[in-house]
Amino acid sequence: MLKVSGLNVSYGDVQVLFDVSLEIRVGEFISIVGANAAGKSTLLRAISGLLKKTSGSIEFQGKQLVGRPPYAVVEAGIVHIPEGRHVFPLLSVRENLEVGAYTRRKSRKDLRRSLEELYGLFPQLYHHRDQLAGSLSGGEQQMLAIARGLMSRPTLLTVDEPSLGLAPMLVEKTFQILEHINKENVTVLLSEQNVFNALSMSDRAYVIENGRIVLTGAGKELLTDEHLKKAYLGM
Amino acid sequence: MKPLIDRPGSRPWLKVVPWIVVLALCVLPLIIRNDFYLDALILIFLWGAYAGAWNILAGYAGMMSLGHSAFFGIGAYTSTLLLLRFGLSPWIGMLAGGLFASTIGLILGVICFRLRSHYFALATLAFGEVGYICAVNFRSLTGGSEGLALPIRPDALLFSFAGKLPYVYIGLFLFLAVIAISYAIEHSRLGYYLTAFRENENAARALGVRTGRVRLIAMVLSSFISAVMGTFYAQYVVFIDPSSVMRIQISVQVALFAIVGGIGTTLGPAIGAMIFVPIAMLLRAEMGTSLPGLHMIIYGVILVLVLLYMPQGIGPKLKEKIPFLRSP
Amino acid sequence: QVYGQENMWRVGTILPLTGPLAKNGIKNFDGVKIATDMVNDQGGVLGKKVALVSADAPDPQAAASEANRLITNEKITAIIGTQASTLSMAATVVAEKAKVFYLENEGISGGITSRGFKYTFRTTFDSDMMAYQMIDFAADVIAPKIKKDAGSLRLAIVQEDGGFGTSTGKGLTDRAKARNLNVVATEVYSAKTVDLSGLVMKLKRAKPDIVLAAQYINDSILFHRQAKELKLNTIVIGTTAGQGNPDFVQAFGKDADGVMAGGIPSEISVQRLTAQQKKDADEFVRRYKASHNGEYPNPTSFVGFAGAWILYKFILPKAGSLDPDKLREAALGLDIPRGKGVLNWGVKFAKPGEKNAGQNVYASAGLNQWQNGELKLIFPKEVASAEFKLPR
Amino acid sequence: MDPTLFTQLLISGILLGGIYALASIGLTLIFGVMKIVNFAHGEFFMVAMYLTYWVVHYFHIDPYLATLILVPVVFLIGIVTYYLFIRPTLSSSVLAQIFITVGLSTIIQNVVLLFWSADFRSISLGYATDSLVLGPFPALHIEEAMVSPARLIAFGLAILLSLAFYLFLKLSYTGKIIRATSQDRSAALLMGINTDRIYRLTFAIGIVLVGLAGGLVLPVYSVHPFVGFDFVLIMFVVVVLGGMGSVVGAMVSGLIIGVVEVFSSYWIGQENKQVIYFLVFIAILVVRPSGLFGLKEEEELEHIETID
Amino acid sequence: MTNGEKRPMLEADGISKWFGGNAVLNDLSFAIRPGEVVGLIGPNGAGKTTVFNVISGFYRTRTGSIKFDGTDISRLSPEAICRLGLCRTFQITRPFSNISVTKNVMIGALNREGSVRKAEKKAEEVLEFVRLYDRRNLLGRNLTIADRKRLEIARGLATSPKLFLLDEVMAGLNPAEVQEMIKLVRQIAERGIALFVIEHIMAVIMGLSHRIIVLNHGEKIAEGEPAQIASDKEVIKAYLGEEYLIAQG
Ligand SMILES: Nc1ncnc2c1ncn2[C@@H]1O[C@H](COP(=O)(O)OP(=O)(O)OP(=O)(O)O)[C@@H](O)[C@H]1O
Ligand SMILES: Nc1ncnc2c1ncn2[C@@H]1O[C@H](COP(=O)(O)OP(=O)(O)OP(=O)(O)O)[C@@H](O)[C@H]1O
Ligand SMILES: [Mg+2]
Ligand SMILES: [Mg+2]
């Protein structure tokens, strides 16, 4: 479904990603792991069209995405949930969700149905629906960010460090939700520092180091990989 | 893209370069000997130093004032009134004006302690207007819009000279002094603290920086120097009125020179004045009357282009483009 | 910018051609230009044509700077300027220091000639002359018409707070006091204001018979509009800087009728002029109309013309050179009786040491009134082209 | 105070405030959504006055009609300005942005000076400038009160526009999108919103609003190349006082400034009235930087961002 | 200072903080003794960061008192508190973006050092200690999350604190990086600096702390040694979740 090949990305004069290639099939749950600054976020941002200096090829359902603006990428069906939540602080929870459905704004009825579905998935959000998003707790904001991303019914969801700064209970919850979404036929591409959790959930994973993909394999297999154990699991 | 790396350089021979430039600046007026070009030099020094003063507050402390004409005007009016009313030498009046302006600056700083960014800019803009209106309305003191004419009796003790040369050198001295002060600030505790305040106030406070005090010091210094330049202006042009020393356009212009030159850098304001004062003068002289407004249009276009293509200013751009200039 | 070639009389002009003062600066410059063209078409001065070297001075600092440039780079020794008093104050200092002949043709602040400068001359009247005449007219001509004696006349003074309004307002107040007239309100405001309703209401309460207004165009239009909105009905004597401007009648059409404007005589009254002078005056009007869509000359163009004309026709021929000292001597030696110069004026400059040295003591302001959409000169009697009509 | 006088001053103040509010709505929109301090705003006001003037002058149509006809033209001007000057600066520093608009204002002023001269132009419009006289109302001890139709029209439109805009931003989907974009541009991008289009739209609407204001005040004011400057400071005062981005705030604070101005010019003197409202302005900034009608929550939430 | 060993260096007594109508901290009391490492945990929004903000002077407490080394600091400004030797890091890192890492740290160091030169030397020492020395010339904004966290620590250390408040300095690091950070924190503690640590990673907080305080809805729901806390019913319900219990076996 998604085919990245020979991707190079730079910030200014500094190249961050080197010749990255990966492939994702429909319905998969894929993780990207790697040290800090390895380029995980950069990869996700490049896919979502946020970065300018990008070369190589990103093909999604046969369409070339490199060089297209972010909104075109969203329209193609890829939604990115950025690191740090980025909810609209002065819009209510409900309004946040409505804005999330931007690409499908034409149909009111559709919008209402998605809204109800997501409220079902995230009862807390329903509870806080008229509260300003900026006043939600960190965990709730993370829920909202994910829910908002789902409003446009993406075929591929890319998520950047959703567990960052969440209390243990919420971390669990977040992973459960991602798993659930994946079961509902949304392909998930996840970047996580919580390597153990991420790998144990994933169908496959890519390991990225200094901007290059160095390892790939099934999630559970990688958990037992010696190099990985040393470098990322601290074991 | 700003340079990724901020490296303290080490090319000792570069240290002589500034001194050569200073020497050249000292000799230059003796070679020029043309009043028009000397006038241009004086205005460059005047605006360069004044922009440097603005930069101490806006560049280092990040508090963009759009009311700096008030301090300039206070300097001009204080020394002039002391001279006209009490025969006090403007040399002393200059200090008095500086002190008065810094007191006002201090008060303004205390009042506006909460304001940042746009809000500070707009509050100071209003403050500048209040200054202008006061100068217009306190007619019995300031002569209102009719302005004040200074006597022209050449007398060094009274800061009054027949030729332009003395003004050039006084201007040069002030110009270099402001650069030196900026340099000193930048490399002192104060400079570090100002930078910290500008970059992130709360982080600075958490590290023990007394941001309130640091900000006020910048305010006081900046307004003092601005007032000194006001006195210099008054003594040079020997006529002041609210529209020539208190106008909003003056605040805007001084900020502009600093910004196009490179805000927050030692030499930026000086570079801005060195480039834009002559451009403005030349444009006015060359096409001032061919078609009314044409020279201002061209000036505006140059300004916009510079800001579009070098938003960080000409100075930093030069530094980036010419490796030789990097790391003095 | 130079109009002309080598071997010409090179005369400088400093006027605000951009910025907020541009309106009158440009109009003044038009007058100077026409005077120059005319004199050149008549064969120049002493056989040599005149070249104008002009400079734009939107603010005092620019005025000083440009004076500097003209003197140093363009080697100019005679300058005509400056339209606004504050610009003049800054530019004349430079000229004086450089010992360059400076002819002020419109700035009316008393300060220009009270500094004892040796090289600064003013062809036009000063603010006091204008203000005195406005007051005198109110007391001597209008009062009887509205069946009041001068003592019971209720006057109000309205002045903008720029140099123009301030100096004129001072003159108005002084004269009223000297004549023991009753000033019921004095209101000062900024010409940049966009609302004068408070001021109008205050005037309305003060119930003046006559309002004397020292205003510019924009604010005079605003003032009259709001006076009309709030139904303040009173006689207004403004000035040619404001109410006397063609833009004023543009704004009000027939409603302008009856409004008066002191200052520059709006017409060249021809009765007393010689045949040649009449011809020149007509020629000026003709040329102005030709280049301005048939408009009658703006008052400020008149003084621009007059200043240049005095230099070309009286001072320069006598001096025979552009040497400032010669020009100065020639100027000081002039004594052209009232009505025989231009604009009904004579020319005689106050000598050094006298009060207002350099002031043309034979210059005089006039009073004009809008009548049927035209600005008619109604005072002084000797030069008037129309009778004063009491506004409805 | 004498009720007649009081009523008249109040009416004058409110009508003046209507003009201020009308002129400021566009500025507050641009300010609020794009965080751009547009120093050239007064110049767009001026250009709109000129355009209306010329249309009236050459085609002899009613200025109000002319103003409406001009909306697409002004919209286009907004779009072109956006592409030439605003879009390239979106990621620049606040300073560069401000001074580009300063440069823009210099350019516009002088281009207008060059082409249309420094003459002061005005139209006379009998029906709109002959005041309506209300009263007397003996019961209230009011003898009479004058209302200028031209100002009344401007005032009415100010109220209408600000209400309509408030509702548009609050309730419509596009309004939500605009607000979302103003709060977090990159998040908006990730929602599939073409933020460039939103900015373009916002800027052009802002210019149209100030354009409408310019056209509507033509019967009251004369136009010249520097008229924008007379208004722009007041616009800033109104916008900041009302809370950046709040159209209703602009409306209310416009009225406050208008009334304060008229009363203070009556009592304290015309020459000092500006001092009064600038001081009021500084005081309010100091006490409540988010403005009178900036959301209180907004202030607090901003706080969260600055201190964890 | 045998006596001082036992006397708390920080004593918060009945502090509370309200936003609008909501109490975020409610009558909270605790103490920290010299040389101690105390953990602060609780669900998101429990008020942990608010505690730091109150102690470090960014917020004023409504009631109660906060004593540091015997002085009441509840009315002091953050800068004054820092000068007394109580420093904090920020959960959302705040590097001075446009200046070098060294200069970032120098600003902290200038607090104690007499001259810019000395401050630079101290900054370099500290940078070496936190293992950022090889990035010293990078601009603040070009650091990665992990390095920013180190920078936060380095700047704080440069002010020579006696008590150091660390707000989630390990969030966003992968397990290996977390291990390194733990090592660094231990080293800091070994220098005799008391630490007050907020962290969501249980393994970390359990391993580091001598004592843990648990916050929920602005109130202290538990306090004690790590083992005690891990098995506290209420803590599990409010914070850890049942899964944690299962995972622990
Ligand atoms: N906006 C930017 N400008 C310049 N460099 C950047 C920018 N964002 C990231 N980088 C650099 O790109 C490299 C990769 O960063 P990236 O954020 O992709 O890493 P990551 O793997 O997501 O790390 P983390 O786990 O910290 O999120 C780093 O060296 C970082 O410093
Ligand atoms: N400035 C503020 N204005 C209003 N509410 C605030 C403010 N600061 C914090 N709060 C609220 O106070 C509560 C506690 O916030 P705090 O940041 O202390 O939580 P925390 O325990 O640090 O959470 P986390 O683990 O997510 O960092 C939250 O509900 C938060 O929304
Ligand atoms: Mg990342
Ligand atoms: Mg926290």
Side-chain angles (χ1 to χ4, degrees), chain C residues 16-27 58 158-161 165-166 186-205 216-222 224-226 228-232 242 245-256 292 295 298, chain D residues 2 5 8-9 11-13 15-17 19-20 23 106 109-110 113-114 117-124 126 129-133 144-151 217 219-227 229-231 233-234 258 261-274:
Chain C
L17 304 175
T18 55
L21 297 168
K23 158 83 184 170
N24 282 349
I26 293 169
K27 291 286 187 259
V158 173
Q159 63 192 74
E160 63 93 24
D161 67 3
T166 309
T186 304
E187 290 296 316
V188 185
Y189 68 92
S190 159
K192 281 189 287 186
T193 190
V194 295
D195 186 69
L196 288 169
S197 53
L199 184 149
V200 169
M201 284 310 288
K202 240 167 149 176
L203 286 183
K204 211 175 160 187
R205 294 263 133 170
Y216 285 123
I217 314 158
N218 195 31
D219 42 325
S220 71
I221 296 174
L222 182 63
H224 282 265
R225 279 213 163 128
Q226 294 203 294
K228 194 175 153 211
E229 278 170 17
L230 296 169
K231 307 224 179 298
L232 165 70
N245 200 290
D247 292 349
F248 185 80
V249 81
Q250 279 261 324
F252 291 101
K254 282 204 77 60
D255 284 347
H292 288 79
E295 254 176 54
N298 190 309
Chain D
D2 163 4
L5 177 62
Q8 186 62 57
L9 290 179
I11 291 177
S12 296
L15 293 182
L16 176 66
I19 289 177
Y20 288 168
T106 308
Q109 276 177 9
N110 288 285
L113 175 69
L114 187 61
S117 88
D119 287 352
F120 293 71
R121 301 173 200 265
S122 22
I123 55 169
S124 38
T129 43
D130 288 334
S131 277
L132 307 168
V133 180
E144 56 177 10
M146 267 73 75
V147 178
S148 145
R151 287 167 186 270
V217 301
V220 186
Y221 294 106
S222 41
V223 54
H224 57 100
F226 305 96
V227 70
F229 187 75
D230 298 346
F231 281 89
L233 285 184
I234 300 170
E261 178 171 340
V262 170
F263 275 91
S264 66
S265 70
Y266 187 87
W267 274 317
I268 302 158
Q270 187 77 27
E271 78 251 61
N272 291 317
K273 67 178 186 189
Q274 280 182 303

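In what follows, chains are A, B, ... by sequence order, proteins preceding strands, each numbered from 1.
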- [ ] Measure D:Glu144 against the heavy atoms of chain C and call it side chain, backbone, both or neither at under 4.5 Å.
- [x] side chain
Task: Region of C:Leu230 that comes under 4.5 Å of a non-hydrogen atom in chain D - done: both
Open item on the list: Please find the pair of heavy atoms, one from D:Ser265 and one from C:Gly198, that lie closest to each other, and give the distance.
Closed with: OG-CA, 3.4 Å
Task: Option that, when pairs with chain C are counted at under 4.5 Å, heavy atom only, ranks first among D:Gly258, D:Ser117, D:Ser222 - done: D:Ser222
- [ ] Measure distances from C:Gln226 to the heavy atoms of chain D and classify the residue's part below 4.5 Å as side chain, backbone, both or neither.
- [x] side chain
Task: Test: C:Glu229 and D:Arg151 ion pair at under 4.0 Å - done: yes
TODO: Name the region of D:Tyr20, side chain, backbone, both or neither, that has any atom closer than 4.5 Å to a heavy atom of chain C.
DONE: side chain
Task: Non-hydrogen side-chain atoms of C:Asp247 and D:His224 separated by less than 4.5 Å - done: no
TODO: Apply salt bridge (charged side-chain N to carboxylate O under 4.0 Å, His left out) to C:Lys192 and list each qualifying residue two or more places apart in sequence or on a separate chain.
DONE: none
Task: Residue pair C:Gln250 / D:Asp119, side-chain heavy-atom distance below 4.5 Å - done: no
Open item on the list: Contact between C:Thr193 and D:Glu261 at the side-chain level, heavy atoms closer than 4.5 Å - yes or no?
Closed with: yes
- [ ] Heavy-atom pairs under 4.5 Å with chain C are the metric here; pick the option from D:Leu113, D:Val262, D:Leu5, D:Asn110 that has the most.
- [x] D:Leu5
Task: Engaged part of D:Leu16 at the chain C interface, taking heavy atoms whose separation is under 4.5 Å - done: side chain
Open item on the list: Using heavy-atom distances under 4.5 Å, tell me whether D:Val133 contacts chain C through its side chain, its backbone, both, or neither.
Closed with: side chain
Task: Toward chain D, the part of C:Ile221 with a non-hydrogen atom under 4.5 Å - done: side chain
